[in-house]
Amino acid sequence: MKEVLYRIFVKRQEKYWWMNILVPVVSIFIALIVGAVFIASTGRNPFLAYKYLFGSSGLIPGPYFKSHFSEMLIASSMFIATGLAFAIPARAGLFSIGAEGQFIVGTITAAFFGYYKPLANLPTIIHLPIVLLMVIIAGGLWGLIAGYLKAKKGINETIVTIMLNWIAFHLIEGWLVTGPMKADVATGVSGTPYVSPTAKLPIILSGTRLNISILIMLFLVYAVWFLLYRTVFGYELRAMGYTAITNMEAPKIGGVNTEKRIMQIMFISGAIAALGGSFITLGVLFQYPPVFEGGYGFDGIAVALIGGNEPFGILLSGILIGALRTGATSVQLVKIPKTFPAIIEGLIVVFIALHELIRYLLVKAITKKKEGVSA
Amino acid sequence: MEALSAKNIVKRFPNVLANDNVSLSIEKGEIFAIVGENGAGKSTLMKIIYGLYLPDSGEIYVNGEKANIKHSRDAINLKIGMVHQEFMLIPRFTVTENIVLGDEPRKFGFVFDYKQAVKEVEELSNRFALVVDPTEKVENLPVGIQQRVEILKILRRGAEILIFDEPTAVLTPEETEELFKTLRKLKEANKTIIFISHKLSEVMEIADRIAVMRRGRVQGIVKKTETNEKELAKMMVGRDVVLEIQKVKTELGEVVFKVEDLTVKNQRGVVALKDCIFDVRAGEIVAIAGVEGNGQAELVNAILGFLRPVKGTITINGNEMKFITPYDIRRKGLAYITEDRKRRGLILQYRARENIILGNHTLYPFSNKGILNDNAIDEYTTRKLEEFDIRPREAYMKAQNFSGGNQQKIILARELSSEHKFLLASQPTRGLDVGATEFVYKWLIEEKKKGIGILLISLELSEVMGLADRILVLYKGEIVGVTTPEETNEEELGLMMLGLKRKVAQ
């Protein structure tokens, strides 16, 4: 343990490594201040708004804390999933914005294997893993399409993933949900049928909806960190990312099979996004609704950005975005639209994007102080 | 008269004192050379004079007056000009457009007067006898002429003090000669020239006075007439340097590398290499001499699998390389030292330890079942840093923070430690100072003694003559000369490199 800490903190060789933590924190803080200015400029009370926003976000104990807390973690686990799905290819120099499509592929796959009759009578311990496995395969294959085209044909992965988002969306909402997977009219359900109780994610906090999805994501965050920093796979992945602008020549000469790696990376990314999508079906809605309010995939880009494409950073930023969304409804009590937290989210992204400037100002402020002391 | 002087300049970067109390005085109308190893602080000093860095303390005087240079604008106003190592030209623009950019002649105050600009450039080029075609696009010009455009650009701004930051690093020997003629003409026109280099032979040829820098300090300032290369090298490195290469005779073994009828087209679809036939045997150094751009890059890319040959075969250790991709090559017993350290040799953001295992990272003990073994990597890196004298001995420092010479040592440590019988060394000493060059030569000879077959691609004739057992001369993608150092001399090689002479055994 001591050695690990030594490795993390002492051997880093970067002068201001702790800036990597301080800069996002400062960015979030500035975003909150600017957000307060926005509210004040409309004549409303910013302190009250933040009190309601964070009071019901699940971060700070208060009334109904238990339910807010569980709602926050349910939302967070999905944001963490799509955040990781963006970050893994990003670390390899691939700009994949296909998490949105992969997410709903996961949602629909979970719905199908959740209500699929031959499986419905199996116990949860067998049924649920089968569903999740199918979700991983389906999402992974959906991601693999872009990976294959990139690796073998050199087609830009960003454009392919955008296109695949639309293909997934129209295939599911335009055909599957209203066609082959439509619920029996006699049941009076619109959208797909409800999943069997054996496919639902087990609840871990009684009296709430909080299920094991957050535990799965905690494990995945650790697994992705391990993959990135402790395995040959991660070593090659990061090497590819650092040399993406020079056509990955150095890793290729170093014996990295970049084509194979690109396909593997896109599969993993798609699988994780789809897993996030399955939590909707298996933990919240229990079906694929006729009209699905998505956006988790695109929010994942913001989550990854705020988290600096680091697994543990994404864990924290995913919880932050989850908390903002959970608290969003309450701000209406002080006559602020519930889209207001989205403004804060946007501001955070803006200030994170300005991280070089913030880092520069912080370093300058600190070095000046030090000089002042020594003088 | 004193044109420029620096007094007690101190500049500190994190972890390193780049300029430690540097004082220099440069006379008007002289060619003043500054030599030193990579990382000795030459470039830092020039960047301070040109206003790109601010010194921590110290003063600069221009024409005897204290100058307050805070920005390169200030330097230009004081008639200081700088020719950078990487040219600041826009390839799509013509020579004239590049030269007048930022200070264009105008009609009616706002219309760009191209004709007037061309006239000005012509007049300027006549005055300094720097021949250029003002209407040619820069992208079509060879590097030597591009540099000339860069010089004209700063002359047009009225520069009296011209700083050249390693101007010959990108030039061929002929282009270097041309540059020296230009420098002498500029000297006749009473311009002051500061010439930064680490090539001692060039400095001895062109400079009037020479300042030697080492570890941020000025070791001494000498007149050219009062010194020699050996003494300069000693001042630069701090110990005696063996510049001559000791010839080693080795037993030649089996053929480890062979190309037959190799024809390669480059990315633009032009035949860049035509029907090349040669082989390399164990314990032998075969050198490919030639002016850059005569097919060397394509040869390397074909061997590495980046380009697929149109015709012919490449054989390494008896395995024919067919439909090979770059990552397969590593397993065929090939080691590769590259001139393009930043692009091909290293992953700059990776630490020394991560770079030093690249290529072997899948092998035990560095990884086991796909999981990296940090302790084994650390232990190995520490050992290799010691063995190859890589400084500083920091396994956790990023590759980009090492000096050029030490970056090359990291590559050597990696490549020479991996399993191989054939070594492809593509301009292994490009951009290296004398100390590092000597080091590379030493290791190449070690390899040769071990019975490794080496294909050396080089632009430096002295290197070719000193190291090679056999010399092949490449001109326009063809082998126009096959010879040995004993049978030839530098002049003859030069003629063959320019395509003026052929010497191929029938």
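Letters go in sequence order (proteins before strands), and every chain restarts at 1.
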Fill in: Pairwise distance OG1(Thr258(A)) to OH(Tyr327(B)) - rounded to 0.5 angstrom
7.0 Å
Worksheet entry | Nearest-0.5 Å distance that lies between atom OG1 in Thr325(B) and atom CG in Asn257(A) | 6.5 Å
Worksheet item: Can you name the nearest heavy-atom pair linking Leu372(B) to Thr231(A), along with the distance?
Response: CD1-O, 3.6 Å
Worksheet item: Taking everything shown except Arg383(B) itself, do over 12 heavy atoms lie less than 6.0 Å from its CZ?
Response: yes
Fill in: Pick from Glu415(B), Arg414(B), Lys342(B), Glu354(B) with the largest number of heavy-atom pairs that fall under 4.5 Å of chain A
Glu354(B)
Discussion item. Other residues, nucleotides and ligands only: do more than 12 of their heavy atoms fall within 6.0 Å of NZ on Lys384(B)?
Written reply: yes
Worksheet item: Tell me, side chain or backbone of Phe226(A) under 4.5 Å from chain B's heavy atoms, or both, or neither?
Response: side chain
Item to complete: For the residue pair Thr243(A) and Gln349(B), establish whether any side-chain heavy-atom pair is separated by less than 4.5 Å.
Response: no
Worksheet item: Parallel under 30°, tilted from 30 to 60°, perpendicular over 60°: which one fits the rings of Tyr242(A) and Tyr350(B)?
Response: perpendicular
Item to complete: Could you list the residues that satisfy salt bridge (Lys or Arg N to Asp or Glu O under 4.0 Å) with Lys70(B), not counting sequence neighbours?
Response: none
Worksheet, complete the sentence: If one checks every heavy atom of Phe366(B) against chain A at 4.5 Å, the contacting part turns out to be neither
Worksheet item: Got more than 12 heavy atoms from elsewhere within 6.0 Å of CZ, Phe312(A)?
Response: yes
Fill in: Passing option when Val232(A) is tested against Leu363(B), Thr362(B), Asn368(B) for side chain to side chain contact (heavy atoms under 4.5 Å, CB included)
Thr362(B)
Discussion item. Can you confirm whether more than 12 heavy atoms, excluding those of Glu419(B), are under 6.0 Å from its CD atom?
Written reply: no
Practice prompt. Look at Asn355(B), Ile357(B), Thr338(B) and state which one has the largest set of heavy-atom pairs under 4.5 Å with chain A.
Written response: Ile357(B)
Worksheet item: Should we count OH of Tyr229(A) as having more than 12 external heavy atoms under 6.0 Å?
Response: yes
Fill in: Results of salt bridge (Lys or Arg N to Asp or Glu O under 4.0 Å) for Arg344(B) - residues two or more places apart only
Glu249(A)
Discussion item. Give me the atom names and distance for the closest heavy-atom approach of Leu358(B) to Ala250(A).
Written reply: CD2-O, 3.9 Å
Worksheet item: For Ile347(B) and Arg238(A), what are the C-alpha separation, side-chain angles and deciding distance, and is it a side chain to side chain contact (heavy atoms under 4.5 Å, CB included)?
Response: CA-CA 10 Å; Ile347(B) 294 159; Arg238(A) 287 179 294 134; over 6 Å; no
